[in-house]
Amino acid sequence: MNFSEKVYHYCKKIPKGKVTTYKEIGKIMKTKAYRAIGTALKNNPYAPEVPCHKVVRNNGDIGSYQGKFHNLKKSRLLGKEGIKIINNKIDLEKYLHKF
DNA sequence: CTCGTGACTTACG
DNA sequence: ACGTAAGCCACGA
């Protein structure tokens, strides 16, 4: 199992209505390659299978999506799952899924 | 092998 | 708060 596959694997583990951060993924994977995680998700060959939109920055910021500032779509998708976004940030106190 | 790039994080001014 | 710098690691050229 290579690095990218691990990332996808853990993304799939995120329950509906929850999100996680790059840092949390790095922690469970025992790596500090936060950047590499982002790179892997950018590739995201498992597009609908892996909910990469549930992965946000450590401070709750949305970050990017599909390589661009398509945060609008991302916000809407997250909102559909019951996640409220305030000032382009996610309330980690309520929605952060810890491994 | 080295280099550049990036959906990151932390620290500092 | 904001910008910059440094550290980090996978990936492709």
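In what follows, chains carry the letters A, B, and so on, assigned in the order in which the sequence lines appear, proteins first and then strands, with residues in each chain numbered from 1. What's counted below: heavy atoms across the whole structure, side chains too, no hydrogens, waters or symmetry copies.
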Using the side-chain heavy atoms of [X], tell me which of these nucleotides is nearest: [options].
X       : options              : result
A:Ala36 : B:dA7, C:dC9, B:dT9  : C:dC9
A:Ser4  : C:dC8, B:dT9, C:dA10 : C:dA10
A:Arg57 : C:dC11, B:dT9, C:dC8 : B:dT9

| query | Around atom NZ of A:Lys27, are there more than 12 heavy atoms of other residues, nucleotides or ligands at under 6.0 Å? | reply |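 No, not enclosed.
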| query | Do you know which of A:Ile83, A:Leu96, A:Leu92, A:Thr20 makes side chain to side chain contact (heavy atoms under 4.5 Å, CB included) with A:Val56? | reply |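 The passing option is A:Leu92.
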| request: Check A:Ile14, A:Val7, A:Val19, A:Val50 against A:Val55 for a side chain to side chain contact (heavy atoms under 4.5 Å, CB included) and give me the one that passes. | output: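 When A:Ile14, A:Val7, A:Val19, A:Val50 are each tested with A:Val55, the side chain to side chain contact (heavy atoms under 4.5 Å, CB included) holds only for A:Ile14.
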Rounding to a whole Å, what distance do you find between [X]:[atom1] and [N]:[atom2]?
X       : N      : atom1 : atom2 : result
A:Lys89 : B:dA7  : NZ    : C1'   : 16 Å
A:Asn2  : C:dC9  : CG    : P     : 17 Å
A:Phe3  : C:dG12 : CZ    : P     : 13 Å
A:Lys42 : B:dG6  : NZ    : P     : 7 Å
A:Glu5  : C:dC11 : CD    : C1'   : 15 Å
A:Leu41 : C:dC9  : CG    : C1'   : 14 Å
A:Asn43 : C:dC9  : CG    : P     : 19 Å
A:Lys6  : C:dC9  : NZ    : P     : 13 Å

| request: Indicate yes or no: does A:Lys12 engage A:Glu49 in a salt bridge with an N to O separation below 4.0 Å. | output: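 The answer is yes: the pair qualifies as a salt bridge.
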| query | Can a salt bridge be assigned to the pair A:Lys18 and A:Glu81 using a cut-off of 4.0 Å between side-chain N and carboxylate O? | reply |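 Not counted as a salt bridge, because no side-chain N and carboxylate O are separated by less than 4.0 Å.
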| said: As an exercise, state the distance from SG of A:Cys52 to NZ of A:Lys74, rounded to the nearest 0.5 Å. | reply: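 That separation rounds to 7.5 Å.
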| request: Drop me the distance from A:Ile86's CD1 to A:Lys89's NZ, to the nearest 0.5 angstrom. | output: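 If we round to the nearest 0.5 Å, A:Ile86:CD1 and A:Lys89:NZ are 11.0 Å apart.
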| field | Sub-4.0 Å heavy-atom contacts from residues 10-28 of chain A onto DNA chain B, ordered by number | value |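 Within residues 10-28 of chain A, the residues near DNA chain B are A:Tyr22, A:Lys23.
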| request: By nearest nucleotide on DNA chain C, pick out whichever of A:Thr39 and A:Tyr34 is the more 5' one. | output: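 That would be A:Tyr34.
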